J.: 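Right, I'll just put the structure down here and ask away after.
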Amino acid sequence: MSEQGEQGKPKKAKEAKASAEPEIMEKIVSLCKQRGFVFQSSEIYGGLKSCYDYGPLGAELKRNVKAEWWRAMVHGREDIVGIDASIIMHPNVWRASGHLAGFSDPLVDCKDCKERGRADKWPTVPEGTEVEYKVIVDHQTGKKETRKGAVGKLGIVCPNCGSPNTSDIRRFNLMFRTSLGSIDPIENIAARLDGKALSGDELRRVLSDAVNETAVYLRPETAQAMFTNFLNVQTTMRLKPPFGIAQQGKSFRNEVTIEHFTFRSCEFEQMEMEYFVPPPQYAEGGKDDMYWFNYWCQERLSWYISLGLRKEKLRLRPHSADELAHYAKACSDVEYEYPWGWGELEGIAHRSDFDLKQHEKHSSKKLTYFDPQKNAHYHPYVIEPAAGADRAALAFLIDAYAEEPPPPGTKEGRTVLRLHPRLAPIKVAVFPLVKKEGMPDTARKIVAEFWKHQVNASYDEKDTIGRRYRRQDECGTPYCITVDGQTAQDGSVTIRERDSMKQERIQVADAVGVVKKRLA
RNA sequence: GCGGGUGUAGCACAAUGGUAGUGCGCUAGCCUUCCAAGCUAGUUACACGGGUUCGAUUCCCGUCACCCGCUCCA
């Protein structure tokens, strides 16, 4: 708290108080701009809050992150299939999921059991009344504890657990609302209001009704499409639990707080998978829902490590009982230690059979799986690893960033992005040592060979060779191939490795093969 | 949402009530045979809007964006 006095002081005070960490973030943001990873959206108009554009290298990086996820989650295994659903869904989807509730209703949350409801529907009690209520202290065992408290000024208690600890009344506006249809909803509103003098509440209702006729919402998560398509996918692909449905795509949330560059923004890309497993009574071979929950926690943590994130910067953090959503049986976050502290990369949630049952209730369509061997209809339980593509890309970028002192025998230090080769935007850069003796021609032929074989390669002949190497280091390019005087004699070139800066000679004819092998 | 701070070129910084410099970068040329060499030329900025003023990048107000803290986070 003693730091509070330093708020807002010029940079020097800021730097003095913290380690080098915030400075690193500034450098990364700067590098992102300078090298074409990330720009602020609509920059020429002064920028738009929380919106960012990926530039040429950033777009490649993010594509690669998504491709690796798809490869690990869908193409690399037989039990998961992918979909690509519409961003706009039927509004009732959001009624069922609970996302729509807050739009017009005065909502309150119970701070103890996480029940959410309408303040005007909850039991009323005179302010200051002492009440007794029960709180679940262990979600695994369901163990409860009795507590006492006084009712606050809202004069309500939780209908579920009786707790007086409620949040303030809030109207949420999490989702982006728009309208589906070619007629501007304002026409509709104007028509209804024409010539009427309405009180505040009436006005609110008329407006709301008019808007709701055509209102649709941008999805705040991709998950719901996996639930609504549960039977479509299960039956067409002839799947049997445990199986999963995966999807990548944009989601939109009006976040209260946006922070840390691309870490939390209103438009973001998710990589979600819903893994449907038999409920406990139908589980086989000890592989019950909790087995799969733990399996996915480990699996997802390993994915980040396999793509180069440092182990010591990663952790799995189980949610405490009071953090869990009311429907969740368990939840763990994969967290990365960003320069500003630990932050979520991905959440793995055990959602029980909540979602399918909700949609069954709201759609009146049966959403059960029929197991012919056990002759049973059941609602599978759902384990959901939900990752953020933008957060992952940012973490990979931050983790890869390194500033090195001058290597032996050289004068200048270097900035290098030690990105995993499969994530690197450019895989290989090809240079002529000098712009003479036909070297540029040979180098251009080599780079064209890479393009032909779908390896993202780049050609550069500008400036001295050392500078060109450093430029590529800063973009994270793992390999550089240089055509030199010897190439014309024996058909060999050098290949330089980004991290070690070591070079070896290979044959021009083998270049594509060598690089492809290292990327595999 | 609340409080504080910041906003000058692609990036990092400087100066100034009389319209702006430096370094790096970038472009072109010369030179250059393996790790940010050198020379020459060129390129690019006062976030936006209003006010005060003879004159504003500089002072004032508002807006926008970003940063820090709190709050919030389905």
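None of these values were measured; they are calculated from a predicted model. Quick note on labels: first sequence line is chain A, next is B, and so on, each numbered from 1.
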J.: May I have the distance from Arg264(A) (atom CZ) to C67(B) (atom P), rounded to whole angstrom?
T.: 13 Å
J.: Taking Lys435(A) for the side chain and Pro432(A) for the main chain, is one N or O donor matched with an acceptor at less than 3.5 Å?
T.: no
J.: C34(B), C66(B), U32(B): which one has an atom nearest the side-chain heavy atoms of Lys49(A)?
T.: C66(B)
J.: Between U43(B) and C26(B), how many Å separate the two C1' atoms, rounded to a whole number?
T.: 8 Å
J.: Please report the distance, rounded to the nearest Å, between CD1 in Ile258(A) and C1' in C68(B).
T.: 14 Å
J.: Quick check for you: among U33(B), C34(B), C68(B), whose closest atom lies nearest to any side-chain atom of Glu437(A)?
T.: U33(B)
J.: I'd like the P distance from A41(B) over to C68(B), given in whole Å.
T.: 43 Å
J.: Arg470(A) has a side chain; which of C34(B), C35(B), C66(B) sits nearest to it?
T.: C35(B)
J.: Show me the side-chain donor-acceptor pairs of residues 385-403 of chain A shorter than 3.5 Å, one per line, residues at least two apart or across chains.
T.:
residue	atom	partner	partner atom	Å
Asp390(A)	OD1	Tyr54(A)	OH	2.7
Asp390(A)	OD1	Lys62(A)	NZ	3.1
Asp390(A)	OD2	Glu269(A)	N	2.7
Arg391(A)	NE	Phe263(A)	O	2.9
Arg391(A)	NH1	Glu344(A)	O	3.3
Asp399(A)	OD1	Arg310(A)	NE	3.0
Asp399(A)	OD1	Arg310(A)	NH2	2.9
Asp399(A)	OD1	Tyr336(A)	OH	2.6
Asp399(A)	OD2	Arg310(A)	N	2.9
Asp399(A)	OD2	Arg310(A)	NE	3.4
Tyr401(A)	OH	Glu403(A)	OE2	2.7
Glu403(A)	OE1	Lys27(A)	NZ	3.3
Glu403(A)	OE2	Lys27(A)	NZ	3.1

J.: Just how far, in rounded Å, is C1' of U33(B) from OH of Tyr469(A)?
T.: 11 Å
J.: How would you label the contact of Leu31(A) with the nucleic acid (heavy atoms, under 4.0 Å): base, sugar-phosphate, or nothing?
T.: nothing
J.: Please report, rounded to the nearest Å, how far the P atom of C46(B) is from the CD1 atom of Ile44(A).
T.: 13 Å
J.: Does a donor on one side chain sit under 3.5 Å from an acceptor on the other, for His350(A) and Glu384(A)?
T.: no
J.: Under a plain distance cut-off of 3.5 Å, with no hydrogens placed, do His379(A) and Glu360(A) share a side-chain donor-acceptor pair?
T.: yes
J.: Where the side chain of Ser30(A) is defined as all heavy atoms beyond and including C-beta, which of U33(B), C11(B), C34(B) is the nearest nucleotide?
T.: C11(B)
J.: What is the distance, to the nearest angstrom, from the NZ atom on Lys33(A) to the P atom on U44(B)?
T.: 17 Å
J.: Please tell me which of Glu43(A) and Arg496(A) maps to the more 5' nucleotide of RNA chain B, matching each residue to the nucleotide holding its nearest heavy atom.
T.: Glu43(A)
J.: Touch check for Glu344(A), heavy atoms < 4.0 angstrom, all strands: base, sugar-phosphate only, or nothing?
T.: nothing
J.: On a whole-Å scale, what distance lies between the P atoms belonging to U58(B) and G51(B)?
T.: 14 Å
J.: Starting at CG of Leu324(A) and ending at C1' of C73(B), how long is that distance when rounded to a whole Å?
T.: 15 Å
J.: Please work out if Phe261(A) contacts a base, only the sugar-phosphate, or nothing of the nucleic acid, heavy-atom cut-off 4.0 Å.
T.: sugar-phosphate
J.: Select base, sugar-phosphate, or nothing to describe what Ser50(A) touches, counting heavy atoms under 4.0 Å on all strands.
T.: sugar-phosphate
J.: Calculate the interatomic distance between Lys27(A) atom NZ and G10(B) atom C1'; express it in whole Å.
T.: 18 Å
J.: If you take atom types as modelled and just measure distance, does the side chain of Arg253(A) reach the base of C73(B) with a donor-acceptor pair under 3.5 Å?
T.: no
J.: For atom C1', what is the distance between U16(B) and U57(B), given to the nearest Å?
T.: 9 Å
J.: From the list C68(B), C67(B), C34(B), which nucleotide is the closest neighbour of the side chain of Tyr52(A)?
T.: C67(B)
J.: Taking both distances under 3.5 Å as the test for a Watson-Crick or G-U pair, what stems of at least three pairs does RNA chain B have?
T.: B:1-7 with B:64-70, B:10-13 with B:21-24, B:26-30 with B:38-42, B:47-51 with B:59-63
J.: Is any side-chain N of the basic residue among Asp463(A) and Arg468(A) closer than 4.0 Å to the acidic one's carboxylate O?
T.: no
J.: For nucleotides A37(B) and C24(B), find the distance between their C1' atoms and express it as a whole number of Å.
T.: 15 Å
J.: C1' atom, G1(B) versus C60(B): distance in rounded Å?
T.: 27 Å
J.: Looking only at atom C1', what distance separates A9(B) and G42(B), rounded to whole Å?
T.: 15 Å
J.: Take atom CZ of Arg63(A) as the centre, draw a 6.0 Å sphere, and report whether it contains more than 12 heavy atoms from other residues, nucleotides or ligands.
T.: no
J.: Ser500(A) and side-chain hydrogen bond (donor to acceptor under 3.5 Å, both in side chains): which single residue from Glu497(A), Gln503(A), Lys502(A), Arg496(A) fits?
T.: Glu497(A)
J.: Test side-chain hydrogen bond (donor to acceptor under 3.5 Å, both in side chains) on Thr482(A) and Asp484(A) and set out the steps.
T.: CA-CA 6 Å; Thr482(A) 302; Asp484(A) 59 13; over 6 Å; no
J.: Which class fits the ring pair Phe230(A) and Phe276(A): parallel under 30°, tilted 30 to 60°, perpendicular over 60°?
T.: tilted
J.: Can you measure from SG (Cys32(A)) to CG (Leu57(A)) and round to the nearest 0.5 angstrom?
T.: 9.5 Å
J.: Of the candidate nucleotides U33(B), A65(B), A74(B), which contains the atom at the shortest distance from the side chain of Gln40(A)?
T.: A65(B)
J.: Whole angstroms only, please: what is the CD-P distance between Gln486(A) and C34(B)?
T.: 12 Å
J.: Would you indicate which nucleotide in C34(B), C35(B), U32(B) comes nearest to any side-chain atom of Met501(A)?
T.: C35(B)
J.: Working note: Tyr45(A) + Glu43(A), criterion side-chain hydrogen bond (donor to acceptor under 3.5 Å, both in side chains); need CA distance, chi angles, decisive distance, verdict.
T.: CA-CA 5 Å; Tyr45(A) 289 103; Glu43(A) 198 187 55; over 6 Å; no
J.: Using the C1' atoms only, state how far C30(B) lies from U44(B), rounded to an integer number of Å.
T.: 24 Å
J.: Which is true for Thr494(A) with a 4.0 Å heavy-atom rule: it touches a base, it touches only sugar-phosphate, or it touches nothing?
T.: base
J.: Is it the case that C34(B) (base atoms only) and Arg468(A) (side chain only) share a donor and an acceptor within less than 3.5 Å, ignoring hydrogens and angles?
T.: no
J.: Detail all sub-3.5 Å separations between protein N/O atoms and N/O atoms belonging to nucleotides 24-30 of chain B.
T.:
residue	atom	partner	partner atom	Å
G25(B)	OP1	Arg467(A)	NH1	2.1
G25(B)	OP1	Arg467(A)	NH2	3.4
C26(B)	OP1	Arg471(A)	NH1	2.8

J.: For the ring pair Tyr469(A) and Phe431(A), is the centre-to-centre distance below 6.0 Å?
T.: yes
